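Just so it is clear, the structure is predicted and the values come from calculations on it, not from any experiment.
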Amino acid sequence: MEFQQCSEQPEQPEWEQMAISSPYQTAIAIQQLLQERKWMEASQGLGVLIESMGRSEKRAIKSQLARLMSHVIKWKCQPGMRSASWAISIRNARTEIADSQEEFPSLNQDYIQKIWGICFDRAIQDAEDELGMRCVVGTLSWQEVFEKPYTLLDR
């Protein structure tokens, strides 16, 4: 007499890998589980997706802050080379950071202060590499990075 195994449960999606490679497909898979009333599986997937999205936004903030600082450093180090593209990059980076903070309120000024030193070090390296010279700026203040207007127009 042969015994047949019970039908195997479908394999759970590999949430972490799925969330990294395609947040959209992850959301679709979670939606399907919800429609099938598989609450626990959907909850697990949703938790992983939210965590992954938060990590992604943190990386984006770091990248934008380093880019913003780099342009401010270049602005300070080479006043004769200032360009509209530097001013636009500063404005765009500020906007991207503000947009991320609006979506993820935990990425507030306290978070930015925590990553300030790392981003400043990256920004110095990037500015020096791009300019082909040493940039001695000491440090950057919050006001210089986020509030001071950078424009070629006299206002």
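A heavy-atom distance below 4.5 Å is found between the side chains of W15 and I30. In this structure the side chain of Q31 reaches within 4.5 angstrom of the side chain of I28, judged on heavy atoms. Here the side chains of I97 and F146 are in contact, with some heavy-atom distance below 4.5 Å. The closest side-chain heavy-atom distance from R82 to K74 is not below 4.5 Å. R134 has its side chain within reach of E128: a pair of non-hydrogen atoms, C-beta onward, lies under 4.5 Å apart. Residues K38 and Q32 are not in side-chain contact: their nearest non-hydrogen atoms beyond the backbone lie 4.5 Å or more apart.
In this structure, L140 CG and C119 SG are separated by 11.5 Å, a value rounded to the nearest 0.5 Å. Here the NZ atom belonging to K148 is positioned 9.0 Å from the CD1 atom belonging to I90, to the nearest 0.5 angstrom. The OG atom of S83 sits 8.0 Å away from the CD1 atom of I88 when rounded to the nearest 0.5 Å. Note that the CE atom of M18 and the OG atom of S52 stand 12.0 Å from one another [nearest 0.5 Å]. Rounded to the nearest 0.5 Å, atoms CG (L68) and CD1 (I61) are 10.5 Å apart. Taking CG of L65 as the reference point, atom CD1 of I112 lies at 6.0 Å (rounded to 0.5 Å).
Under a hydrophobic-cluster definition in which Ile, Leu, Val, Met, Phe, Trp and Tyr are linked whenever side-chain heavy atoms come within less than 4.5 Å, directly or via other members, M81 and L131 are assigned to the same cluster. Hydrophobic clustering, with ILVMFWY side chains joined whenever heavy atoms are under 4.5 angstrom apart, groups M133 together with I124. One hydrophobic cluster holds both I50 and F104 under the rule that ILVMFWY side chains link at heavy-atom gaps under 4.5 Å.
Listed by chain and number, the residues in a ring pair (Phe, Tyr, Trp, His ring centres under 6.0 Å) with W116 are W142 (sequence neighbours excluded). The ring pair (Phe, Tyr, Trp, His ring centres under 6.0 Å) test applied to Y150 returns W75, not counting sequence neighbours.
Around atom NZ of K58, no more than 12 heavy atoms belonging to other residues, nucleotides or ligands sit under 6.0 Å away.
For S21 (side chain) and Q17 (main-chain N/O), a donor-acceptor pair under 3.5 Å exists by modelled atom type.
Closest approach of W86 and E130 over heavy atoms only: NE1-OE2, 4.4 Å. Residues I73 and C135 come closest through the heavy atom pair CG2-CB, 3.9 Å. The minimum heavy-atom distance between T139 and F120, with the atom names listed, is CA-CZ, 3.8 Å. In plain terms, the two heavy atoms of A123 and A66 that are nearest each other are CB-O, 3.4 Å. Closest approach of C77 and V137 over heavy atoms only: SG-CG1, 3.7 Å.
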**Q.** Evaluation steps, side chain to side chain contact (heavy atoms under 4.5 Å, CB included), between E144 and K76
**A.** CA-CA 10 Å; E144 288 175 302; K76 288 177 75 167; 2.7 Å; yes

Q: Check the pair K62 / R122 against side chain to side chain contact (heavy atoms under 4.5 Å, CB included), numbers first and verdict last.
A: CA-CA 10 Å; K62 277 183 182 175; R122 290 179 188 169; 4.1 Å; yes

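Counting only residues at least two apart or in different chains, side chain to side chain donor-acceptor pair (under 3.5 Å) contacts with residues 87-115 comprise E57-S100.
No hydrogens or angles considered: a donor-acceptor pair under 3.5 Å links the side chains of R67 and Q64.
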